There are 2 protein chains.
Amino acid sequence: MFNYSESMSPDHNQARHDRDSVARAALALLDEVGLADLSMRRIAARLDVQPSALYWHFASKQELLAELADRITTRIPAGSADVLTTARSIRDALFAYRDGAELVLSTYALRLGSSHAQVALEASLGPASTERATAILHFILGHTTLAQLRMHAESHGAAASGDEIDPTAGLDAVFDLGVAAIAGIRASRPRDRA
Amino acid sequence: MFNYSESMSPDHNQARHDRDSVARAALALLDEVGLADLSMRRIAARLDVQPSALYWHFASKQELLAELADRITTRIPAGSADVLTTARSIRDALFAYRDGAELVLSTYALRLGSSHAQVALEASLGPASTERATAILHFILGHTTLAQLRMHAESHGAAASGDEIDPTAGLDAVFDLGVAAIAGIRASRPRDRA
DNA sequence: ACCTGAACACCGTTCAAGT
DNA sequence: ACCTGAACACCGTTCAAGT
């Protein structure tokens with residue numbers, strides 16, 4: 001048979017990709033344009049490829065998005081730190097990419113991609129704490145999605161009413177309060193400013 | 001030619017609408033097809049009208065969606081019941097329409113529509129409890145969005161992995177645990193089966 | 001006051017065909 | 001093994017024009 005794949009073919013502009021390069025380009029584009037504008041056609045354009053080419057690597061957009069959620073989520077450290085530290089590192093992983101929380105929320109709902117975050121939380125909480133870990137995870141996803149959507153809305157000047165208060169103010173306190181309460185520990189002092 | 005209209009008027013096919021009738025049709029359609037399939041063109045077709053006609057009543061799809069979120073949300077009783085009861089009635093209001101939680105979550109993030117739910121929670125918690133109320137609301141939105149997305153995914157057979165356990169099992173317990181913990185009350189017994 | 005008709009700039013996905 | 005080209009069935013939104 002013919003085998004084109006293993007040749008280096010130095011001369012021509014043959015954009016040849018695999019699953020990983022597509023996912024990497026998509027993840028970078030997500031961070032630039034946000035989830036709403038992350039289309040298969042845009043990803044293809046970024047890779048100098050026709051939109052249909054993406055369907056060689058991923059069966060659907062949904063499958064590609066699940067892969068992105070997995071990549072965002074695997075950055076969470078698995079070691080059993082205390083709950084608040086684990087919760088914060090989950091939140092920070094979601095914050096690391098634009099609309100990361102929203103993407104992980106919907107993917108996690110569809111049960112695609114193993115819940116690395118749930119495992120980390122259970123390790124932090126000790127044995128027989130599945131329900132608490134689940135509740136904390138739901139809180140983190142809700143809170144972080146809200147906060148992230150709000151950040152982006154405010155930067156694009158979509159504020160609605162007449163009040164001028166910063167919508168992000170006090171959100172860290174709400175986060176710590178929620179996590180600590182569900183974990184059943186005393187609310188800790190705010191961490192030092194980074 | 002053909003006349004699909006409901007033809008209450010004897011003579012002509014003049015579908016004449018206002019803001020309210022458009023919103024009502026959209027809300028009914030949301031419940032039938034879900035948020036992902038709720039397009040301006042579908043709503044227009046339901047009203048026997050061209051898509052462009054909707055833009056006389058609403059400036060954008062976003063504005064229409066905000067109105068729907070408001071309608072879903074105003075069903076929440078404002079009286080100061082105990083926290084768990086208030087939280088459950090918020091959840092039930094979101095559950096009352098397909099993808100209600102997801103819709104309210106994104107609308108609430110953009111600060112469109114006054115937060116009727118936040119007010120109700122603060123009334124249940126007593127004075128100086130804004131942060132707790134916010135945390136509970138974030139938990140409710142996260143939890144309910146997850147649960148609702150999961151219900152729909154499972155009914156369409158989008159289950160991914162090999163385990164066969166019901167993804168909805170135990171979710172009521174997680175809800176009660178989360179709300180009670182953030183409110184700072186002892187977890188109550190499960191309510192009687194309806 | 002409310003709607004039509006036509007257009008513009010987009011979508012996700014499929015599939016035969018190329019190399 | 002990986003991609004092109006063309007098509008199909010859609011999107012949200014604008015705007016002149018009709019009644």
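Letters go in sequence order (proteins before strands), and every chain restarts at 1. The structure displayed is predicted, hence computed values, not measured ones.
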Protein-nucleotide distance (A:D48, atom CG; D:dC3, atom P), rounded to Å: 11 Å
side-chain hydrogen bond (donor to acceptor under 3.5 Å, both in side chains) between A:T73 and A:D70, intermediate numbers included: CA-CA 5 Å; A:T73 256; A:D70 255 27; over 6 Å; no
Cation-aromatic face contact A:R150/B:Y108, 6.0 Å, 45 degrees: yes
Proximity to the side chain of A:S39 - top-ranked nucleotide from C:dG12, D:dT4, C:dC3: C:dG12
Atom-pair distance (CE on B:M40; C1' on D:dG12), nearest Å: 8 Å
Distance, rounded to the nearest Å, where B:D37 contributes CG and D:dC10 contributes C1': 11 Å
For atom CD of A:Q62 and atom P of C:dT13, their distance in whole Å: 9 Å
Nearest listed nucleotide, side chain of B:A53, among C:dT13, C:dC3, D:dC2: C:dC3
Separation of atom CD in B:Q50 from atom C1' in C:dC2, rounded to whole Å: 13 Å
Sugar-phosphate, base or nothing in reach of B:R19, heavy atoms under 4.0 Å: nothing
Minimum-distance nucleotide (side-chain atoms of A:P51 versus C:dT13, D:dC2, D:dT4): C:dT13
Over-ring placement of B:R91 relative to B:F175, 6.0 Å and 45° cut-offs: yes
Residues B:R88, B:D176: salt bridge by 4.0 Å N-O rule: yes
A:K61 side chain, from C-beta outward: closest of C:dT13, C:dC3, D:dG5: C:dT13
Interatomic distance where NE2 belongs to A:H17 and C1' belongs to D:dC2 [whole Å]: 10 Å
A:R24 with A:E67: basic N within carboxylate O range, under 4.0 Å: no
Residue met sooner reading DNA chain D from 5', once A:R41 and A:H57 are mapped to nucleotides: A:H57
Contiguous Watson-Crick or G-U pair runs (3 or more, under 3.5 Å) in DNA chain D: C:4-8 with D:12-16, C:12-16 with D:4-8
Residue pair B:H17 / B:L54, side-chain heavy-atom distance below 4.5 Å: no
Given D:dA1, C:dC2, C:dT4, the nucleotide with the shortest approach to the side chain of B:R16: C:dC2
Pair B:R42 + B:E32: basic N to acidic O under 4.0 Å: no
Same-atom distance (C1') from D:dA9 to C:dC10, integer angstrom: 13 Å
hbond_proxy B:S60 side chain to D:dG12 base (donor-acceptor, 3.5 Å cutoff): no
Which residue lies more 5' along DNA chain C, comparing B:W56 with A:Y55 via nearest heavy atoms: B:W56
Rounded interatomic separation in angstrom, taking CG from B:L54 and C1' from C:dA1: 16 Å
Gap in Å between the two C1' atoms, one belonging to D:dC2 and one to C:dA17, rounded: 13 Å
Charged N-O contact under 4.0 Å between A:R71 and A:D20: yes
